[in-house]
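Notes for the one structure printed next.
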Amino acid sequence: MSRAFVTLVKRDLLLAFRHRSELANPILFFILVVSLFPLGVGPEPNLLQSLAAGVIWVAALLSSLLSLDGIFRSDFEDGSLEQILMSAHPISLLVLAKVLAHWLITGLPVILVAPLLGVLMQLPADGIGVLMITLLLGTPFVSLVGAIGVGLTVGLRRAGMVLSLLVFPLYIPLLIFAAGAVDTAMTGFPIGGHLSLLAALLVGALTLAPLATAASLRISLN
Amino acid sequence: MWLWFHKLGSPRYFYDTAGKFIPWLGGLCAVLMVWGLYGGLVQAPADYQQGDSYRIIFIHVPAAALSLSVYTFMAVCGAIALIWRMKLAEVMLISAAPVGASFTFIALVTGSLWGKPMWGTWWVWDARLTSELILLFLYLGVIALYGAIEDKRNAGRAVSVLSIVGVVNIPIIKYSVEWWNTLHQGSTILKFDTPSIDPAMRTPLIVMLLAFGLYFGAVVLMRARAEVLERERNSKWVQELVQSR
């Protein structure tokens, strides 16, 4: 069972590595969206600093939408998704493997790029540290919950718009607590409460989302 | 009881039974609505602080309460649809979604109208208002997903999963005024032992709550009947029904 898990993760990583240019697009989008803000609202450092956490998080969510559809789309189109669902292993575990691969491909780069964008947005050093912690706790949640939405819409031809309607409402609590943590840290208050809530969201999604994704994939493939 | 439950699963039996229920629900709703509105808008005394503008509560609170209960109803329907593969539960779920969305919209709009004179602003980003707005988005997501999937059987099961996933938001909305210290006030009607609302105001409010509930029941059955007809349009009994008209 754990071998199936590892094999699936390796396969997805290999597939992603063979399509490197596609890999880079969501990250470029992420950087572009954030760098549009100083141009739009003006380069005032205090203003940028107070917007930073929210802007970076919103941009991360938007860019995740570009890559999310890819979790199951290509496998659905070439039929390998059906083979995966028919295997003897629990579907939720295989779903978890695919989500993990997706996070490694898209979530991890976001976390690594975030300090650079934090500097662009005039975030102080401790703010950047907290921002990275929130991204570390939050981006797996994005992949996990997004997978439910992708599972529900994978059979549709134009899934993008519907997918955003389905998953964004579910991301709102994450956005509130993550951006709240960074703002709280910058005003010098303890952030343990915010981080605990983010961790709770992550643990909840880690336990329940693969089951929901498995159910939604079964429905989509009928 | 179980026999009745199983019989209700047959679209034709449901179509007939629901048709018999609708006039009763609708009639009772109309009576209660008139009573509640008269009691609330005419008989109840003006508030000592807010004057007459508090009277929007007789629309706002029932709509907000129903917006939560309807989503819970949808999630329960979704669970029934997924566990027992009951087609009718899917029909009820999707029939309830637009009604619930409009209740949510009414709650937001009336709250905003009241907030302008009372709080001095149309909108604040406090926990209760924000979570109610998320609820509206969840409803719209369910409606959009159902519309996007061509095969209605699959669509019904997909929205079942979605509404169960979204139900995590319901307790957050319900307890948001207790967990966070927000601008939106806490509940005043449900503290029966030490009520903080005058009985002359409370009675019409509860009557309006019942009226809204009955309205939901009547409308959802009407919509569900139409949905059943559409889904079963190729079956014999629907053909006969149409031809006899």
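Proteins come first, then strands; the chains are lettered A, B, ... in the order of their sequence lines, and each starts at number 1. Predicted, not measured: the structure shown is a model, and the values here were computed from it.
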So CG of B:Leu145 and OG of A:Ser216: to nearest 0.5 Å the spacing works out to 10.0 Å
Got a second to check how far B:Ile149's CD1 is from A:Ser220's OG, nearest 0.5 Å? 6.0 Å
Looking only at heavy atoms, which two atoms of B:Ala148 and A:Leu156 are closest? And how far apart? O-CD2, 3.4 Å
Counting heavy atoms not belonging to B:Arg85, are there more than 12 under 6.0 Å from its CZ? no
Should the heavy atoms of other residues, nucleotides or ligands under 6.0 Å from CH2 of B:Trp84 be counted, would the total exceed 12? no
Does B:Leu138 reach the side chain of A:Leu170, with side-chain heavy atoms less than 4.5 Å apart? yes
Heavy atoms from other residues, nucleotides or ligands near CZ of B:Phe105 exceed 12 (cutoff 6.0 Å): no
Which pair of heavy atoms, one from B:Val165 and one from A:Ala212, lies closest together, and at what distance? CG2-CB, 4.1 Å
Tell me if the CD atom of B:Glu150 is crowded by more than 12 foreign heavy atoms within 6.0 Å. no
Using a 6.0 Å cut-off, check whether atom OH of B:Tyr215 has over 12 heavy atoms from anything other than its own residue. no
Check the surroundings of atom CZ in B:Phe14: do more than 12 heavy atoms from other residues, nucleotides or ligands lie under 6.0 Å from it? yes
By a 4.5 Å heavy-atom criterion (distance strictly below it), what part of B:Leu82 contacts chain A: side chain, backbone, both, or neither? side chain
If you count every heavy atom of other residues, nucleotides or ligands that lies below 6.0 Å from B:Met222 atom CE, does the total exceed 12? no
When heavy-atom pairs shorter than 4.5 Å are enumerated against chain B, which of A:Ile172, A:Thr153, A:Leu163, A:Val167 gives the highest number? A:Ile172
Mark yes when over 12 heavy atoms from residues, nucleotides or ligands other than A:Phe189 sit less than 6.0 Å from its CZ; otherwise mark no. no
Exercise: identify the closest heavy-atom pair between A:Leu165 and B:Ala144: CD1-CB, 3.5 Å
So how far is it from B:Ile164 CD1 to A:Leu211 CG, rounded to the nearest 0.5 Å? 12.0 Å
Please report the shortest heavy-atom distance between B:Val161 and A:Ala215, naming the atom on each side. CG2-CB, 4.4 Å
For B:Asn154, run the side-chain contact (heavy atoms from CB on, under 4.5 Å) check against A:Ile219, A:Leu221, A:Leu152 and tell me which one passes. A:Ile219
